[in-house]
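Below you'll find the structure, written out as structure tokens, and then a few comments.
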Amino acid sequence: MKRGFLNTRKAKQRVAEAVDAESTQAGEPPHKKSKGDDEKGERYVAITDDIAYCKTICCSLDPKSRSTRAEYVEFNTIDSHKLPKIIQQQVDNEKNCTGYGKNRVVFRVWPRDPKGQTITVTSLRAKEAANGIDLWGATLYDFYWVLRAPDVKNYLTISTGSRLAKWMRQHGELIAEDELYWADKEEDPKEVPVVDIGELIRCHDARVASGVFNKFSSIDSPFHPDHYPSPYPFVPFTHEAPKLQQRIPLHLLPKKLHVHDPWNTLTVDKDDSNQKPEWLSKVAKKGDIVRTYSLSLAPQSKEVASKAQKLAEVAEDEAAKKESVSHIFPSDKEGPTEEPLIEVVLPLRPRKRTQVEEAHLYLSPCAVGVGHHSIVRNAEWELPRDLFVEAHLCKACVEEDVRRQVQKLKDEGEWEALLKEQAEKSEETTQEYSEEEIFTLEPPRVIRIASYSGPVLRIHTTVKWRSPSEKQCDHESSFFGSEPVPRTATVSIVAKLSFEYDPHLTQEAANYQSFPDHFFQHWNGYNVIPPIHEPIPVGALCPQFYGYYTPDNPTGGKYRGRRRYLSPILLLEHCGSEIDPDKLCQDDRQECASLILRFNRAGWLHGSLATRNIMWQQGKPTEWPIERPHSVKSFRLIDFGRSAKVNNRTGLPMGEDEIALRLFYLMHHAHKKKTN
């Protein structure tokens, strides 16, 4: 793929001269490349097409042309997750991906002192995400090309603002004032939560209450028929359930699973991989087939779940002992007031769940994917609603209740006596309170602080917490509807089933329980992961794990004189569809390859790398569904039945890195990409 002038030797020479514009030959010997350079992420690179992206900004290295601090502050008004227009025009050259061909490159250059020291391999650590990859930046503007030795042309490496700022300050090289200032303002790494499934469920309930959808244990169980107000329950797979993408802690995975399988798909017959999902007619003619499965965790996971459950129970016990209060300030205007601050004593919050005894799973007859060892099916998972949706105490109801109590005191003539009593107490001791409210519409933030000094009147509210299934108050009904909802909630996931005598599903379940937390987490910012030179988003690496279940009765009856096999069930997040590398732009191909590189850097070998084992979906799980159609693609690595942990980090071969580059036509495999 040619770049015209940027691909010529003349262009590369001009870039090299620009990078060295403020440097002079100081006579220092060039730094020799060590073997550890690649291992630490900051590596020697020759001037390539990637470096040519820098040519339009290298002029900023000239001290005479550098902007003032006031001008630099205006830099905050840009979208730091998009390339500058002039850079975008140079790199966005894919014919079928205009505006989406190449949106992530390293384009900034860190100026060096001509007499500065050589940047050698160091154990210096700066800002990093939980995956431990040392080149992390919050935005595209936090990555830099930098000369390792100021007097050696072309001896460039990629680094990050936080890493360079730390090194430069340690070595007294402070000429890059603007870059140091920008690095100090960089956001810290943090995990970005996916969209709250509880809110998605409440929005789904609001749609039901508005009439969008057509109507179709012991009594304490949330699954008892008495707890399903009309129009619930729905026939499985007749409407779109919210997709579950949140992580569920091990101790909150259901212990028992009642699997509804009228098509008998648990016997796993390849020929039955796709049947018409006419659930109601199937059940009406032949009845439902329900089997009970039990959660099967590895010994180490059982111990983790047990400890987490005990900690959760202790936390709930402690929360029950603490008094919870809120404050109603007498005025929203500054200045003296004759009214006291009211301290509202709130009722105890209902205990949160510390375990889930049972759930129901409904298997679709349609297969999402069929492999050599397993079949993946769509599934709807019905769980207790309070696992996702918390009890709610309406603030507006509390304020109305308090004002009614205050008015009653005034009507009965007791208000003045209370104020006098509080005024006498306040002469002995002045009580001060302040509350902070933060309103965030990225990027601006508004912080409002209310402060009060004077007498305080305590009032106990009579408003009660509303459980997730109770009818909403008038204040909430305008958003979520006023009709009651079931004590359960149904979400969409996938169920992976194994062919008979195949051990891969058991091994895959064990691997999911051994993966580090950062495999399942979405983080802000970007990583540069060698040998790829460009920043890549740090999303979750694999699907969320929702449990591995085995049948209580391992046989499914008899068929042709022998016992029928019943598959175990691996429950996972639905991560979309299989990718086609030929239909992906370069940014997306790099992101797909980065999943494999990250997997290897964490000390794991996949063992079955193929494009069929990488899934894509439109938008990010951290975005609301309404935003996703207009967002970028997100990707996930799947199928870990052959994966293995490598204890010795140096024992990881380069084979899977090379396969990743080949599968996605990157670097020296770029010429193999099909062109239309």
Q | side chain to side chain contact (heavy atoms under 4.5 Å, CB included) partners for Ala379, two or more places apart | A | Leu361, Leu363, Ile493, Ala495
**Q.** side chain to side chain contact (heavy atoms under 4.5 Å, CB included) involving Asp386 - partner list, sequence neighbours excluded
**A.** Arg353, Pro384, Pro468
(Q) My understanding is that only residues two or more places apart in sequence, or in another chain, count here; which of them pass side-chain hydrogen bond (donor to acceptor under 3.5 Å, both in side chains) with Tyr293? (A) none
(Q) Can you confirm whether Leu572 sits close enough to Leu570 that some side-chain heavy atom of one is under 4.5 Å from a side-chain heavy atom of the other? (A) yes
Q. Glu303: what forms a salt bridge (charged side-chain N to carboxylate O under 4.0 Å, His left out) with it, not counting sequence neighbours?
A. Lys307
Q. Which heavy atom in Gln521 sits nearest to a heavy atom in Ala130, and how many Å separate them?
A. OE1-CB, 3.9 Å
**Q.** Pairing residues for Glu191 by the salt bridge (charged side-chain N to carboxylate O under 4.0 Å, His left out) criterion, not counting sequence neighbours
**A.** none
Q | Closest non-hydrogen atom pair, Leu637 against Pro543 | A | O-CD, 3.3 Å
Q. Does the side chain of Ser294 come within less than 4.5 Å of Lys256's, by heavy atoms?
A. yes
(Q) If you define the side chain from C-beta out and look only at heavy atoms, does anything of His373 sit under 4.5 Å from Arg642? (A) yes
**Q.** Shortest non-hydrogen contact from Pro581 toward Arg589
**A.** O-CD, 3.7 Å
Q | Ring centroid separation Phe499 to His372 under 6.0 Å | A | no
Q) How are the rings of Tyr526 and Phe143 set to each other: parallel, tilted or perpendicular (split at 30° and 60°)? A) perpendicular
**Q.** Side-chain heavy atoms of Val356 within contact of Lys255, under 4.5 Å
**A.** no
Q) Does atom NZ of Lys127 have more than 12 heavy-atom neighbours, drawn from other residues, nucleotides or ligands, at distances under 6.0 Å? A) yes
Q: Check whether any side-chain heavy atom of Ile596 lies under 4.5 Å from a side-chain heavy atom of His606, and answer yes or no.
A: no
Q: State, with a plain yes or no, whether a side-chain heavy atom of Glu358 is found less than 4.5 Å away from one of Leu257.
A: no
Q) Does Lys633 come within less than 4.0 Å of Glu591, counting only side-chain N to carboxylate O? A) no
Q) In chain order, what residues pass the ring-ring contact (aromatic ring centres under 6.0 Å, His included) check against Phe515, with sequence neighbours excluded? A) Tyr512, Phe519, Phe599, Trp604, Phe640
Q.
Under a 4.0 Å threshold between the charged nitrogen and the carboxylate oxygen, would Asp205 count as salt-bridged to Arg385?
A. yes
Q) Which pairs, with at least one residue in residues 540-549 and sequence neighbours excluded, count as a side chain to side chain donor-acceptor pair (under 3.5 Å)? A) Thr506-Tyr548
Q.
Determine whether His504 and Gln507 satisfy the following criterion, side chain to side chain contact (heavy atoms under 4.5 Å, CB included), listing intermediate values before the conclusion.
A. CA-CA 5 Å; His504 287 83; Gln507 180 60 40; 5.7 Å; no
Q) Can you find a pair of side-chain heavy atoms, one from Val195 and one from Leu200, that are under 4.5 Å apart? A) yes
Q: Can you establish whether the number of heavy atoms outside Gln300 located under 6.0 Å from its atom CD is more than 12?
A: no
Q) Can you check side chain to side chain contact (heavy atoms under 4.5 Å, CB included) on Val259 and Leu266, steps first, answer last? A) CA-CA 9 Å; Val259 185; Leu266 290 169; 3.9 Å; yes
**Q.** Over 12 foreign heavy atoms within 6.0 Å of CD, Glu390
**A.** no
Q) Which atom names give the shortest non-hydrogen contact between Gly198 and Gln246, and what distance separates them? A) N-OE1, 4.4 Å
Q. With sequence neighbours excluded, what pairs up with Lys310 under the salt bridge (charged side-chain N to carboxylate O under 4.0 Å, His left out) test?
A. none
(Q) Checking Ser374 now: which residues fulfil side chain to side chain contact (heavy atoms under 4.5 Å, CB included) with it, not counting sequence neighbours? (A) Lys496
Q) For Arg351, what residues pass the salt bridge (charged side-chain N to carboxylate O under 4.0 Å, His left out) criterion, not counting sequence neighbours? A) Asp317
Q. Can you list the residues that meet the side chain to side chain contact (heavy atoms under 4.5 Å, CB included) rule with Ile289, with sequence neighbours excluded?
A. Asn264, Arg291
Q: Could you point out which residue of Asn378, Leu244, Val491 forms a side-chain contact (heavy atoms from CB on, under 4.5 Å) with His574?
A: Asn378
(Q) If you define the side chain from C-beta out and look only at heavy atoms, does anything of Phe545 sit under 4.5 Å from Asn511? (A) no
Q: Looking only at non-hydrogen atoms, find the nearest pair between Thr354 and His251 and report the distance.
A: O-CD2, 3.3 Å
Q: Could you list all the salt bridge (Lys or Arg N to Asp or Glu O under 4.0 Å) pairs where at least one residue sits in residues 509-528, not counting sequence neighbours?
A: Arg247-Asp517
**Q.** side chain to side chain contact (heavy atoms under 4.5 Å, CB included) between Leu584 and Tyr665, intermediate numbers included
**A.** CA-CA 10 Å; Leu584 298 178; Tyr665 315 120; over 6 Å; no
Q. Between Val528 and Ile133, what is the shortest heavy-atom contact and its length?
A. O-CG2, 4.0 Å
